[in-house]
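Step one of this worksheet: look at the structure below.
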Amino acid sequence: MLLPINDALTQILAHAENINQYESISIEDALGRTLGEDQISSINVPPADNSAMDGYVISTSEASPDHRTFAVSQIIAAGSIPNPLELNTAARIFTGAEIPENADAVIMQEQCEVDGDKVILPSDIKVGQNIRPKGQDIKAGDTILKKGHCLQPQDIGLLASIGIATISVYRQLKVAILSTGDELVEPGLPLTGGKIYNSNRYLLKSFLKKLHIEVMDIGVVEDTLTETKFSLKKAADADCIISTGGVSVGDEDHVKQAVTELGALDLWRIALKPGKPLAFGNIKNTPFFGLPGNPVSTFLTFLLFVRPFLLILQGQNYQPPLSQMLTADFHTKANPKRQEYLRVKQNAEKLAAFSNQSSGVLSSVTQADGLAVIPIGASIAPGDQVQYLPFSQLF
Ligand code: AMP
Ligand code: MG
């Protein structure tokens, strides 16, 4: 009996707990890291009322249609401390400069006429115009970012805007990866008889890099029980282990046996296509994922199961991807046992599926925009509505 995908995910995520370990780092190194504590501002941003324009600043109580000509009593540049505005005068002011005491409006210079050392103002001036009030962006005491937030460029800018230079983040995860398969050759080396290039190793490393996870690369593992156990033991130092290949039912598939002997296998065989033989368990309490060897299966099972697990481990508030319903522009036959994920291209509101959906065809993943989810037993004809998961939602 194959395990339904949602049950598998629920069971797997029940084992996911954040590492609860933190480090202090510079905001310059914090992109993509997960905040370890709420960030509360100790200041107002901006710290004082300031001018939104280059122009003249006055007290509106002194201006009237009959009194529009003012002597210019000071020049206030950004970064300087203004004197209180003298009675019945205007001050020259520039964008970002602090509003002086006694003043309450800025008139943009394009609306003013200069007459020697005087300025003639327009008649229509409103209290507060062109003034950016103190604290309009952030008020002292505001929580600007929450623990568990994955830091984006705008967040780093926001932290800088309240003067924070170092922050507490969850420490980087360390994930061990190993590639099983006697057929594997590394890119850059000649391809000899019977061999194929190892693509999963680089696919996984890249996914982990995107998650800012340190990779412990155990390398390629020979298809023997002894070698598989030896490598898995080495990997158990990490926060999580991911292997590829060797989880199916062939005589050369030793991963399940090795995991069972060293730890525990909690789950195996999911109602999923591609990716049925996914295995999950632990080795000496280090969580273990055995991903199927076909590159598209590795791709899909990583995104559906491993990525959410790792996000939670690194302290993030995991939210399932958002899907949308779009119109199929393809046929599929019903699969009575497994939910299928088809590689599709989106053309406006329609989805075109690649004709070859083999789990070995990685080029279609590169060309696709996302995945169409076909439930167990559903046959799809052109015009049917199908669930679409764009890659932008998945990683
Ligand atoms: P396995 O699960 O070990 O039976 O592998 C399933 C298929 O995936 C086989 O055709 C393997 O050659 C292929 N495969 C396994 N590991 C990799 C890898 N690291 N890179 C590319 N293909 C792989
Ligand atoms: Mg193999």
Side-chain angles (χ1 to χ4, degrees), residues 1-14 200 243-253 255-257 259-260 265-281 289-309 320-346 349-365 367-391 393-394:
M1 180 52 192
L2 301 176
L3 191 59
I5 294 171
N6 285 338
D7 294 1
L9 186 62
T10 305
Q11 283 184 35
I12 288 172
L13 294 189
N200 289 336
S243 71
T244 58
V247 281
S248 204
V249 290
D251 294 342
E252 300 296 343
D253 294 333
V255 173
K256 293 192 316 292
Q257 181 65 26
V259 173
T260 307
L265 192 69
D266 297 327
L267 151 174
W268 180 55
R269 282 160 61 90
I270 319 283
L272 166 68
K273 186 178 178 185
K276 176 173 77 176
L278 173 78
F280 177 77
F289 286 91
L291 307 188
N294 276 304
V296 184
S297 307
T298 293
F299 174 84
L300 183 64
T301 51
F302 181 88
L303 290 178
L304 294 184
F305 303 101
V306 187
R307 186 173 176 276
F309 186 89
L322 295 176
S323 60
Q324 49 186 301
M325 298 305 286
L326 290 180
T327 308
D329 201 10
F330 57 84
H331 278 103
T332 57
K333 277 199 231 122
N335 184 325
K337 291 199 173 135
R338 296 193 273 163
Q339 178 156 300
E340 292 198 25
Y341 287 74
L342 304 180
R343 283 143 270 165
V344 291
K345 263 200 105 55
Q346 182 187 355
E349 299 299 298
K350 284 192 173 178
L351 298 175
F354 288 92
S355 55
N356 188 344
Q357 293 284 337
S358 156
S359 55
V361 179
L362 194 55
S363 58
S364 59
V365 179
Q367 289 161 29
D369 301 312
L371 302 165
V373 185
I374 315 298
I376 294 173
S379 55
I380 303 295
D384 289 349
Q385 291 294 105
V386 289
Q387 189 190 354
Y388 173 57
L389 280 170
F391 285 153
Q393 278 292 319
L394 287 168

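- Residue L326 comes nearest to Y388 through the heavy atom pair CD1-CD2, 3.5 Å, listed as atom of the first residue, atom of the second, then distance.
- Closest heavy-atom contact between P274 and S359: CB-CB, 3.7 Å.
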* Asked: Taking it one step at a time, do I5 and Y341 satisfy side chain to side chain contact (heavy atoms under 4.5 Å, CB included)?
  -> CA-CA 12 Å; I5 294 171; Y341 287 74; 3.7 Å; yes
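- Proximity of F330 to I374: side-chain heavy atoms (C-beta onward) are separated by under 4.5 Å at one or more points.
- With contacts defined as side-chain heavy-atom distances shorter than 4.5 Å, the pair Q387/P375 does not qualify.
- Atoms CG and CD, on N6 and Q11 in that order, are 11.5 Å from each other to the nearest 0.5 Å.
- The main-chain N or O of Q357 is found under 3.5 Å from a side-chain atom of R343 such that the two form a donor-acceptor pair.
- Judged by distance alone, the side chain of D253 and the main-chain N or O of G250 form a donor-acceptor pair under 3.5 Å.
- Between the R338 side chain and the L272 main chain, a donor and an acceptor come within less than 3.5 Å of each other.
- Taking CG of L371 as the reference point, atom CD of E340 lies at 12.0 Å (rounded to 0.5 Å).
- Surrounding CD of E349 are at most 12 heavy atoms belonging to other residues, nucleotides or ligands under 6.0 Å away.
- Checked against the 6.0 Å centroid threshold, F299 and F391 count as a close aromatic pair.
- Although no hydrogens or angles enter the test, the distance criterion places no donor-acceptor pair under 3.5 Å between the side chain of N294 and the main chain of V296.
- Here the closest heavy-atom approach between residue S379 and residue D384 is recorded as O-OD2, 3.9 Å.
- Between the CG atom of L278 and the CZ atom of R269 there is a distance of 12.0 Å, given to the nearest 0.5 Å.
- No side-chain heavy atom of V344 sits less than 4.5 Å from a side-chain heavy atom of F354.
- In this structure, P308 and L303 approach most closely via the heavy-atom pair CD-O, 3.4 Å.
- Listed here is the closest heavy atom pair of P295 and N200: CA-OD1, 3.3 Å.
- The main-chain N or O of I380 is found under 3.5 Å from a side-chain atom of T332 such that the two form a donor-acceptor pair.
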* I would like to know whether V386 and M325 meet side chain to side chain contact (heavy atoms under 4.5 Å, CB included); could you show each step before the answer? => CA-CA 5 Å; V386 289; M325 298 305 286; 5.5 Å; no
* **Test side chain to side chain contact (heavy atoms under 4.5 Å, CB included) applied to F280 and F305, step by step** => CA-CA 10 Å; F280 177 77; F305 303 101; over 6 Å; no
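- K256 contributes a side-chain N or O that, together with a main-chain N or O of S248, makes up a donor-acceptor pair within less than 3.5 Å.
- Other residues, nucleotides and ligands place more than 12 heavy atoms under 6.0 Å from the NZ atom of K345.
- To the nearest 0.5 Å, atoms NZ (K276) and OG1 (T301) are separated by 14.0 Å.
- W268 places a side-chain N or O within donor-acceptor distance of the main-chain N or O of V247, the cut-off being under 3.5 Å.
- Side chains of D369 and Q346: no donor on one and acceptor on the other come within 3.5 Å.
- How far CG of D329 is from CG of L351: 8.5 Å, rounded to the nearest 0.5 Å.
- For the atom pair CG of L3 and CD1 of I270, the computed distance is 5.0 Å after rounding to the nearest 0.5 Å.
- Here the side chain of T298 pairs a donor or acceptor atom with the backbone of P292 at under 3.5 angstrom.
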